[in-house]
Amino acid sequence: MNFLEIIFYFFSAILVLSALGVITSRNPVHAALLLVLAFFTAAGLWLLLGAEFLAITLVLVYVGAVMVLFLFVVMMLDINLDRLREGYWKWFPFGGLLAVVMAAEVVMVLINKNFSIDQMPAPPPHASDYSNTKELGMLLYTEYVYAFELAAVILLVAMVAAIALTLRTRSKVKFLDPSKQVIVKKKDRVRLVSMPSEKKE
Amino acid sequence: MEYAEQLFGQFFGAEWGLMLFSLTKNLALIFAIVIPLLLGVAYLTFAERKIIASMQIRVGPNRVTFFGIPWLGGWGQPIADAVKAMMKEIIVPNGANKVLFILGPILTIAPALAAWAVVPFSPEMVLADINAGLLYILAMTSMGVYGVIIAGWASNSKYAFLGTMRTAAQVVSYELAMGFALVCVLMMSQSLNLGDIVRGQEGGSLLNWYWIPLFPMFVVYFISGVAETNRAPFDVAEGESEIVAGFHVEYSGMAFTVFFLAEYSNMILVATLSSLLFLGGWLPPLDMAPFTLIPGFIWLLLKVAFLLFCFLWFRATFPRYRYDQIMRLGWKVFIPITIVWIVILGGVMQLPSSLLNMFPLNLWFH
């Protein structure tokens, strides 16, 4: 066992344990934080594969933005655990069936000859000036440019739709328009009055 | 160095010796970065108190000295503060989530220090010379918000939670503007490696640095950096006149100090990055005899010191932004500016070089 393998098993152990923690922990905030840990260790595993851009983007996007908003929402929820567990046994057969199907699919992929480890030789080591980011960028903006732009447009549409669905302009809200406040000049608000000084009695 | 490497090889065997040697070497280098950084943080607090004091025509700390030397009056203050903080009890409030309460400060300081791994201090002095250095820094600084969120939630206090919600929204918003500003830098330099970005700004004088072609981005980046570190005038996360002290109301002693260490090391990080990305890093302002004699590290230090002074200057000068104004500035002013600038920059870079060479003052596009 060499150094890289030790790192791999260390990260994998943390990943599996934290993923287990996500589904077993009772506190939703703990579950969200364990999911963050799972993402982070997964990024570490990707770094071991040499996929630096994907690894860092995973941290940047999922850990740095998506999970922050998740955590933000989860913290403000007041979750009643008793109500959550109400229909547990009623739905157990359905959930169990789903779990069995998923496990079967994973097993089918893993025991299939086409996915075995000798079908996937280790990638050749890259030159020291090899930039994972540059290669990915080249590929995304030349060969897959239509798919990439299409995905971007779909995301934009989803974003606009989400804002349009939730935006309500209420009439009675006490809203201050900052741009109006910024352009206010002194003469709009202040009136200087010159008064004769009063005589001393 | 080679002798130590051989020694490790003999002691632990060829393969393990090499691994353990690089591990030890990197640990030593990490200490060589972190210890001066923490000292810098300590004396930045002193500089802040002194500078703001003189701006407000006060004296500032001038009592604590070393060994009773009178002209060092005040210089012992940060050390005394650190000792005091370490002696104090860390009080865990009733109903707080103990594990997360302790984890909060740790998660704030860890990314703040980890980001320093890829920062080059001079052409040769860099711990990890990785290709995706800029991305790594963005990823690490985006993790810093977790500490604040966890701290505010685990404190089981309304004020702390309000501070947390403000910070989370603010940091996530300003990260976007920051990221877009950095996109402009990497378009100019064609590289994500911080060393290569600085080398891309070489060329004789300070006019070659990216702060001229990317001036709006420089301003956006620096202001977003102030907002990211929750410094005044964007310090609504603490907002002592509104929500006591924000996310760290319930913290005391060393746990409280760790938040401050993280804030100040983030300040130094933002100042260092701005000087690396826009102000030419270790390059001298003029490539001539008296300037090139001074080592590059000193130039970087001077630029960082100037930007840090700006941080303190802002704090002494500007009143605190209102929360909705912060959001407006981030989303409605900075992000549109950065997007427009990306488009303009891309257009200029695509112009034919015969057209670009017609402008005699064009130093940046070829």
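The chains referred to below are lettered A, B, ... by the order of the sequence lines, with proteins before strands, and numbering in each begins at 1.
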Check whether B:Gln190 gets within reach of chain A through its side chain, its backbone, both or neither, counting any heavy atom under 4.5 Å. backbone
Answer key: most heavy-atom pairs under 4.5 Å with chain B among A:Thr133, A:Val68, A:Leu69, A:Thr57 is A:Val68
Count the heavy atoms of every other residue, nucleotide or ligand shown that sit under 6.0 Å from OH of B:Tyr159, and state whether that count exceeds 12. no
Are the side chain of B:Tyr146 and the backbone N or O of A:Val63 linked by a donor-acceptor pair below 3.5 Å? yes
Segment of B:Leu23 engaging chain A (4.5 angstrom heavy-atom cut-off): side chain
How many angstroms lie between CZ in A:Phe53 and CG in B:Asn131, if you round to the nearest 0.5 Å? 13.0 Å
Would you give the length of the straight line joining atom OG1 of B:Thr141 to atom CG of A:Leu60, rounded to the nearest 0.5 angstrom? 8.0 Å
Can you say whether B:Ile149 sits under 4.5 Å from chain A via the side chain, the backbone, both, or neither, judging by heavy atoms? both
Residue among B:Lys332, B:Arg328, B:Met143 with most heavy-atom pairs under 4.5 Å to chain A: B:Arg328
What part of A:Leu58 gets closer than 4.5 Å to chain B, counting heavy atoms only: side chain, backbone, both or neither? neither
Is it the backbone or the side chain of A:Leu71 that comes under 4.5 Å from a heavy atom of chain B, or both, or neither? side chain
In the structure I gave you, are the side-chain heavy atoms of A:His30 and B:Asn97 within less than 4.5 Å of one another anywhere? yes
Residue part contacting chain B, namely of A:Val61, when any heavy atom lies under 4.5 Å: neither
Report which part of B:Leu176 has an atom under 4.5 Å of a heavy atom belonging to chain A: side chain, backbone, both, or neither. neither
